[in-house]
A.B. asks: 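Okay, here's the structure, questions in a sec.
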There are 2 protein chains.
Amino acid sequence: MNRPAGKADPVMFSLLEAARALEHRLESALAEVGLSMAKYGVVSELARAGEPLALSELAARQSCVRSNMTQLIDRLEADGLVRRVDDPTDRRSVRAAITRLGEERAAAGGRAMKRVEEEFAASIPARDRAVLARMLSGVR
Amino acid sequence: MNRPAGKADPVMFSLLEAARALEHRLESALAEVGLSMAKYGVVSELARAGEPLALSELAARQSCVRSNMTQLIDRLEADGLVRRVDDPTDRRSVRAAITRLGEERAAAGGRAMKRVEEEFAASIPARDRAVLARMLSGVR
DNA sequence: GCGGGACGATTCATAGCTGAACAGAGCGCC
DNA sequence: GGCGCTCTGTTCAGCTATGAATCGTCCCGC
């Protein structure tokens, strides 16, 4: 949690800080069901897909590098939420299959996320929401 | 760069993504002068303070834990941007003193930050800026 | 004066992320 | 059929962050 440090408080830093606060709330909510954002991202993706996905496919969907997914799957496998299965059609490929426990956690994580999301939405005046979305979409 | 993954696109995720994009731009700009956000935070803080600061003081100002500051200062010291000096009035305390090179980098980093900041400000319609700031300040 | 709690920095284990380098497998083209 | 390019996952080194545990120092209250 590192602050950019600037005496003034331009909107840019407010945005960064708000995002940090939000992220912290999400991590906390997920921690209660034994997940992190990174782990939730994978199990929810797998639950949604309904079939084992190749690690590179997962990396692409989570927009991270493959080496990161290797390690993330290592940890998820250690947690028993995911299992590595090999692809019979391509011996290079390794697919991640979600376990029963993984599915349960994904569902619980989804509920936790939804809770925070609703809490967040409630903190933004309804008619401002569209304006906010429009402004934020300009930041790329 | 891990996406929370949700098929819908509630404002919350836009906010997180916008912040990520922004952070990436800041990191890139700072990388050109050999800094990261974490490092810039420290050297700019030291430059502003005008005197060596205790590591715990720095940690407090950057809102991170002390052990993180220990390592950050290790790297900054290796880079030659900072020097550890001991506090004659308290033998527990270790202060970080900025070097000449550190000051130069802090200045260059400040210019880089300012560039991005202005670029960002330009992407938000002027009359929306206050609205955005108000909304974001509600996220705590 | 001194014993014990508070405080400062460090170390260690862990998590998450990146990019470079590598090995093995697939595949197109001659 | 075999050469080379491409793709896959992994490993490794490095950065940033946290929290627990440790060690030395400080200082309050007795």
Side-chain angles (χ1 to χ4, degrees), chain A residues 1-5 16 19-21 23-24 26-28 30-31 34-43 52-79 81-97, chain B residues 1-4 16 19-20 23-24 26-28 30-31 34-43 52-79 81-97:
Chain A
M1 209 65 73
N2 217 298
R3 282 198 311 116
L16 292 177
R20 263 190 244 284
E23 217 155 309
H24 192 263
L26 287 168
E27 291 283 4
S28 294
L30 286 174
L35 287 176
S36 61
M37 292 221 83
K39 289 179 178 179
Y40 173 71
V42 171
V43 291
L53 295 177
L55 298 207
S56 52
E57 176 60 25
L58 276 171
R61 296 198 193 185
Q62 301 294 306
S63 27
C64 69
V65 297
R66 279 174 322 204
S67 63
N68 190 23
M69 196 48 68
T70 294
Q71 302 171 101
L72 196 40
I73 295 295
D74 283 348
R75 292 189 294 268
L76 283 169
E77 213 169 13
D79 290 350
L81 309 187
V82 139
R83 224 175 47 247
R84 271 182 172 89
V85 297
D86 33 306
D87 184 336
T89 77
D90 186 340
R91 277 192 293 168
R92 288 173 304 180
S93 181
V94 175
R95 307 180 90 93
Chain B
M1 210 65 75
N2 217 297
R3 282 198 309 114
L16 293 176
R20 263 190 244 284
E23 216 154 310
H24 191 263
L26 287 168
E27 291 283 4
S28 294
L30 287 173
L35 287 176
S36 61
M37 292 222 85
K39 289 180 178 179
Y40 172 71
V42 171
V43 290
L53 295 177
L55 299 208
S56 52
E57 176 59 26
L58 276 170
R61 296 200 193 184
Q62 301 293 307
S63 27
C64 68
V65 298
R66 282 189 316 252
S67 63
N68 190 22
M69 196 50 66
T70 294
Q71 302 173 104
L72 196 40
I73 295 294
D74 283 348
R75 292 188 296 269
L76 282 169
E77 212 169 14
D79 290 350
L81 307 187
V82 139
R83 224 176 45 247
R84 271 183 171 88
V85 297
D86 34 301
D87 184 336
T89 77
D90 186 341
R91 277 191 294 169
R92 289 172 304 179
S93 180
V94 175
R95 307 180 89 93

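Keep in mind that the numbers below use all heavy atoms, side chains included, and drop hydrogens, waters and symmetry copies. The structure displayed is predicted, hence computed values, not measured ones. Lettering follows sequence order; numbering is per chain, from 1.
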A.B. asks: Distance check needed: D:dT16 C1' versus B:Y40 OH, whole Å only.
C.D. replies: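 One finds 19 Å between C1' of D:dT16 and OH of B:Y40, rounded.
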A.B. asks: Rounded off to whole Å, could you give me the CG-to-P distance for the B:D87 and D:dG24 pair?
C.D. replies: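 Result: 19 Å.
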A.B. asks: Between B:R84 and B:E77, is the closest basic N to carboxylate O distance under 4.0 Å?
C.D. replies: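 B:R84 and B:E77: salt-bridged.
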A.B. asks: Report yes if the side chains of B:H24 and B:R20 come closer than 4.5 Å at any heavy-atom pair, otherwise no.
C.D. replies: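 A side-chain contact under 4.5 Å is absent here.
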A.B. asks: Identify all pairs in which a protein N or O lies below 3.5 Å from an N or O of nucleotides 9-11 of chain D, and state each distance.
C.D. replies:
residue: D:dG9; atom: OP1; partner: A:L55; partner atom: N; Å: 3.0
residue: D:dG9; atom: OP1; partner: A:V94; partner atom: N; Å: 3.4
residue: D:dG9; atom: OP1; partner: A:V94; partner atom: O; Å: 3.0
residue: D:dG9; atom: OP2; partner: A:S56; partner atom: N; Å: 2.7
residue: D:dG9; atom: OP2; partner: A:S56; partner atom: OG; Å: 2.7
residue: D:dT10; atom: OP1; partner: A:R84; partner atom: NE; Å: 2.9
residue: D:dT10; atom: OP1; partner: A:R84; partner atom: NH2; Å: 3.4
residue: D:dT10; atom: OP2; partner: A:T70; partner atom: OG1; Å: 3.2
residue: D:dT10; atom: OP2; partner: A:R84; partner atom: NH2; Å: 3.0

A.B. asks: Residues in side-chain contact (heavy atoms from CB on, under 4.5 Å) with A:R66, at least two apart?
C.D. replies: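 Only A:S56, A:A59 meet the side-chain contact (heavy atoms from CB on, under 4.5 Å) criterion with A:R66.
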A.B. asks: Nearest to the side chain of B:R75, which nucleotide is it out of D:dT16, C:dG26, D:dT18?
C.D. replies: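 When the side chain of B:R75 is considered, D:dT16 is the closest of D:dT16, C:dG26, D:dT18.
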A.B. asks: Give a yes or no on whether a salt bridge exists between A:D86 and A:R91, defined as a side-chain N under 4.0 angstrom from a carboxylate O.
C.D. replies: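 The answer is no: the pair does not qualify as a salt bridge.
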A.B. asks: Starting at CD of A:E23 and ending at C1' of C:dA15, how long is that distance when rounded to a whole Å?
C.D. replies: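 One finds 14 Å between C1' of C:dA15 and CD of A:E23, rounded.
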A.B. asks: Does a side-chain heavy-atom distance below 4.5 Å link B:T70 with B:V94?
C.D. replies: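 When only atoms from C-beta onward are counted, B:V94 and B:T70 do not touch, as no gap falls below 4.5 Å.
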A.B. asks: Taking CG from B:L76 and C1' from C:dA9, how many angstroms apart are they, rounded to a whole number?
C.D. replies: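 Interatomic distance, CG of B:L76 to C1' of C:dA9: 16 Å.
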A.B. asks: Between D:dT18 atom P and B:Q62 atom CD, what is the distance in whole Å?
C.D. replies: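 So the two atoms are 11 Å apart, to the nearest Å.
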A.B. asks: Select from A:D79 and A:D90 the residue whose nearest nucleotide in DNA chain C is closer to the 5' end of that strand.
C.D. replies: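 Looking at DNA chain C, the more 5' nearest nucleotide goes with A:D79.
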A.B. asks: What is the distance, rounded to the nearest whole Å, between atom CD of B:E77 and atom P of C:dT10?
C.D. replies: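 One finds 9 Å between P of C:dT10 and CD of B:E77, rounded.
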A.B. asks: Separation of B:L72 atom CG from D:dG14 atom P, in whole Å?
C.D. replies: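 Atom-to-atom, B:L72 to D:dG14, this comes out as 17 Å.
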A.B. asks: As an exercise, state the distance from OG of B:S63 to CG of B:N68, rounded to the nearest 0.5 Å.
C.D. replies: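 Between B:S63 OG and B:N68 CG, I get 10.5 Å after rounding to 0.5 Å.
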A.B. asks: With A:V42 as reference, evaluate A:L53, A:I73, A:L35, A:L55 under the side chain to side chain contact (heavy atoms under 4.5 Å, CB included) test and give the passing residue.
C.D. replies: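 By the side chain to side chain contact (heavy atoms under 4.5 Å, CB included) criterion, A:V42 pairs with just one of A:L53, A:I73, A:L35, A:L55: A:I73.
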A.B. asks: Would you mind reading off the distance between B:R91 atom CZ and C:dT10 atom P, rounded to a whole angstrom?
C.D. replies: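 In whole Å, C:dT10 P and B:R91 CZ are 16 Å from each other.
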A.B. asks: B:E27 side chain to B:S36 main-chain N or O, any donor-acceptor pair under 3.5 Å?
C.D. replies: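 No.
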A.B. asks: Nearest 0.5 Å, what's the CE-CG distance between A:M37 and B:L16?
C.D. replies: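 Those atoms lie 6.5 Å apart.
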A.B. asks: Identify all pairs in which a protein N or O lies below 3.5 Å from an N or O of nucleotides 1-4 of chain C, and state each distance.
C.D. replies:
none

